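When a residue number appears, it is its place in the shown sequence, counting from 1. Only a predicted model underlies this, so the values are computations on that prediction, with no experimental measurement involved.
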Amino acid sequence: MKLLICWLLLLSCANYKVTKVGGGKPYLYEVSRDYSLSELAALSTEMVTTSRRDPPVSTLDHLFSKKQPPVKRIGILIFESEVQPTRGGLAGENKIYPSESGKQILTENFLSVWEQSLPIAGPALEVSAGEDIRSARALKQYGSPVTDYIKTDRTTLAPGDIGFLEAGRRSASATVINPRELRDLSFVLVPAYRLMGGPKWSEQNKHYINDLVKELKLDAALVIMSEVSWSAAQTDKRSGEVFPEELKLALSASVLVPVSSYHSRLERLGIKDRPNVTLSYRAYQSEISVPAVISVPPQMQNFDTIQRELISPMMKTYKDLALMTIIRIDRDLRQTH
């Protein structure tokens, strides 16, 4: 089934040109440095790749020209993460592993970064409050309820949420994690973002996006995927090459415009054809690896070490990447005003 889905996605991309901007230059990011917003704006053109692709009818330039309604008001409707996924729920050689509750707390912390950063780095945007989205009537009509792994009213990690595990010990098997009170729209083990995000136009969950955007009076929806993993120092058995300990982060975000808006924009252009798809105005992707301390002596294998050496640099880097992505989104959406 998963192979069939991937084949269909590849088929949908055929014969349509994807235009990419940014992300192609070498960069130097220092995790210990406090970057100003202007410095992050300069880095964003080097670290964040913007992708776009024209839909089946008309072009993005015509559909989002300044003669059309601007795209200003947005909200985060889908937010997913994959945090240190394991095969079959077994720990490997990377030593530190979160539980399901730890993954969900980190996911909710990632979402908080976006909600707090959008007004700072996106002054041209009007952002729907998270509580308005979570209380929307349309939200309950699609997908499935998100499993509550935390089961208490807390937002910070505790020692039981993440710890050192020996290889072969059981670890969290849950892969795609959503914040509590949102909806799970993944399919089998395929995240919703893989199905509906990216620069492509899509029919996946089009009614969910359309109904929620209309109820909340939004111009567009943000769908976001966060991927976080880390690895201990390793030596390649064949080449003998030593790979350092590092933390890897990847952010993917798409600005999706619902089918109803697509139709109204086509109508303004005098085009009668009405494809029933969600539009992607732009998609954004960034990846970064930074040094991490994973392997420590037994006396240091505790929660304090994890917080200091892994969680703190991870959250700081994640915030910087999110800010850079928002800066690019804000800059692109200004073109519609």
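In this structure, the side chain of Arg328 engages the main chain of Ser44 through a donor-acceptor pair within 3.5 Å. Listed for the Trp114 side chain is no donor-acceptor partner under 3.5 Å among the backbone atoms of Ile76. Remark: side-chain polar atoms of Glu309 are not paired, donor with acceptor, to backbone N or O of Ala292 under 3.5 angstrom. The backbone N or O of Leu60 lies less than 3.5 Å from a partner atom in the side chain of Asp54, making a donor-acceptor pair. In terms of modelled atom types and a separation under 3.5 Å, the side chain of Asn178 and the main chain of Asp184 share no donor-acceptor contact. Formation of a donor-acceptor pair under 3.5 Å by the Ser254 side chain with backbone atoms of Gly198 is found in this model. In terms of modelled atom types and a separation under 3.5 Å, the side chain of Thr336 and the main chain of Val71 share a donor-acceptor contact. A donor-acceptor contact shorter than 3.5 Å links the side chain of Ser99 to the backbone of Asp161. Without hydrogens or angle criteria, Glu108 side chain to Thr155 main chain gives no donor-acceptor distance under 3.5 Å. With hydrogens and angles ignored, the 3.5 Å screen pairs a side-chain donor or acceptor of Gln104 with a backbone N or O of Tyr149.
Atom NZ of Lys103 and atom CD1 of Ile177 lie 6.0 Å apart (nearest 0.5 Å). Going from atom OH of Tyr284 over to atom CD1 of Ile326 covers 11.5 Å, rounded to the nearest 0.5 Å. Ile311 contributes atom CD1, which lies 13.5 Å from atom OH of Tyr318 (distance to the nearest 0.5 angstrom). Taken from CE in Met225 to CD in Glu82, the straight-line distance is 3.5 Å, to the nearest 0.5 Å. The CD atom of Glu166 sits 10.5 Å away from the CD atom of Glu93 when rounded to the nearest 0.5 Å. The structure places CG of Leu77 at 9.5 Å from CD1 of Ile224, a figure rounded to the nearest 0.5 Å.
The heavy-atom pair separating Ala220 from Val255 by the smallest distance is CB-CG1, 3.7 Å. Across all non-hydrogen atoms, the minimal contact from Val146 to Leu182 is CG2-O, 3.2 Å. When all heavy atoms of Leu90 and Gly168 are compared, the closest pair comes out as CD2-O, 3.6 Å. Smallest separation of non-hydrogen atoms from Val57 and Pro275: CG2-CG, 3.4 Å. Looking at every heavy atom in both residues, Leu111 comes nearest to Arg134 through CD2-NH1, 4.0 Å. Across all non-hydrogen atoms, the minimal contact from Arg180 to Lys151 is NH1-N, 4.4 Å.
When side chains are defined from C-beta on, Ile74 counts as touching Leu333, because their heavy atoms get closer than 4.5 Å. Using a 4.5 Å heavy-atom threshold, the side chains of Asp332 and Arg52 count as separate. Side-chain contact check for Arg169 versus Tyr97: every heavy-atom pair is 4.5 Å or farther apart. Taking the side chain as every heavy atom from C-beta outward, Ile294 and Ser231 never approach each other to under 4.5 Å. Counting only heavy atoms from C-beta outward, the side chains of Lys95 and Ser295 approach each other to under 4.5 Å. Leu323 is not listed as a side-chain neighbour of Tyr35, based on a closest heavy-atom distance of 4.5 Å or more. Two residues are said to be in side-chain contact when any heavy atoms from C-beta on lie closer than 4.5 Å; Asn94 and Gln84 meet this criterion. Residues Arg308 and Met300 meet the side-chain proximity criterion, which asks for heavy atoms closer than 4.5 Å.
By the 6.0 Å contact criterion, CZ on Arg33 is enclosed, its count of non-hydrogen atoms from other residues, nucleotides or ligands being greater than 12. Within a 6.0 Å sphere centred on CD of Gln141, heavy atoms belonging to other residues, nucleotides or ligands number more than 12. In Lys316, the NZ atom is crowded: over 12 heavy atoms of neighbouring residues, nucleotides or ligands sit closer than 6.0 Å.
Residue Met324 is tested with Leu40, Ile288, Ile329 for a side-chain contact (heavy atoms from CB on, under 4.5 Å); the sole match is Leu40.
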Candidate pair Glu215 and Lys140, rule salt bridge (charged side-chain N to carboxylate O under 4.0 Å, His left out), full reasoning: CA-CA 12 Å; Glu215 179 180 342; Lys140 309 298 189 295; over 6 Å; no
Chi angles and distances behind the side chain to side chain contact (heavy atoms under 4.5 Å, CB included) call for Lys200, Arg53: CA-CA 6 Å; Lys200 63 184 181 295; Arg53 191 180 82 183; 3.5 Å; yes
Leu310/Leu247 under side chain to side chain contact (heavy atoms under 4.5 Å, CB included): CA gap, chis, key distance, verdict: CA-CA 8 Å; Leu310 182 64; Leu247 168 68; 4.2 Å; yes
Stepwise side chain to side chain contact (heavy atoms under 4.5 Å, CB included) test for Leu185 and Gln204: CA-CA 10 Å; Leu185 286 99; Gln204 186 73 25; over 6 Å; no
side-chain hydrogen bond (donor to acceptor under 3.5 Å, both in side chains) assessment of Asp61 paired with Thr59: CA-CA 5 Å; Asp61 288 338; Thr59 65; 5.3 Å; no
Asp320/Thr317 under side-chain hydrogen bond (donor to acceptor under 3.5 Å, both in side chains): CA gap, chis, key distance, verdict: CA-CA 5 Å; Asp320 286 347; Thr317 304; 6.0 Å; no
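Side-chain polar atoms of Asn302 and Thr305 form a donor-acceptor pair below 3.5 angstrom.
Linking ILVMFWY side-chain heavy atoms closer than 4.5 Å, directly or via other members, places Val48 and Val290 in a single hydrophobic cluster. Note on Val259 and Leu269: separate hydrophobic clusters, where clusters join Ile, Leu, Val, Met, Phe, Trp and Tyr whose side-chain heavy atoms are under 4.5 Å apart, directly or indirectly. When hydrophobic clusters are built by joining Ile, Leu, Val, Met, Phe, Trp and Tyr residues whose side-chain heavy atoms come closer than 4.5 Å, directly or via intermediates, Leu106 is grouped together with Val228.
With sequence neighbours left out, the ring pair (Phe, Tyr, Trp, His ring centres under 6.0 Å) criterion links Tyr142 to Tyr208. Qualifying ring pair (Phe, Tyr, Trp, His ring centres under 6.0 Å) partners for Phe164, counting only residues two or more places apart in sequence or in other chains: none.
When hydrophobic residues (I, L, V, M, F, W, Y) are linked wherever their side-chain heavy atoms come within less than 4.5 Å, Val176 remains an isolated member.
The distance between the ring centers of Phe79 and Phe110 does not fall below 6.0 angstrom.
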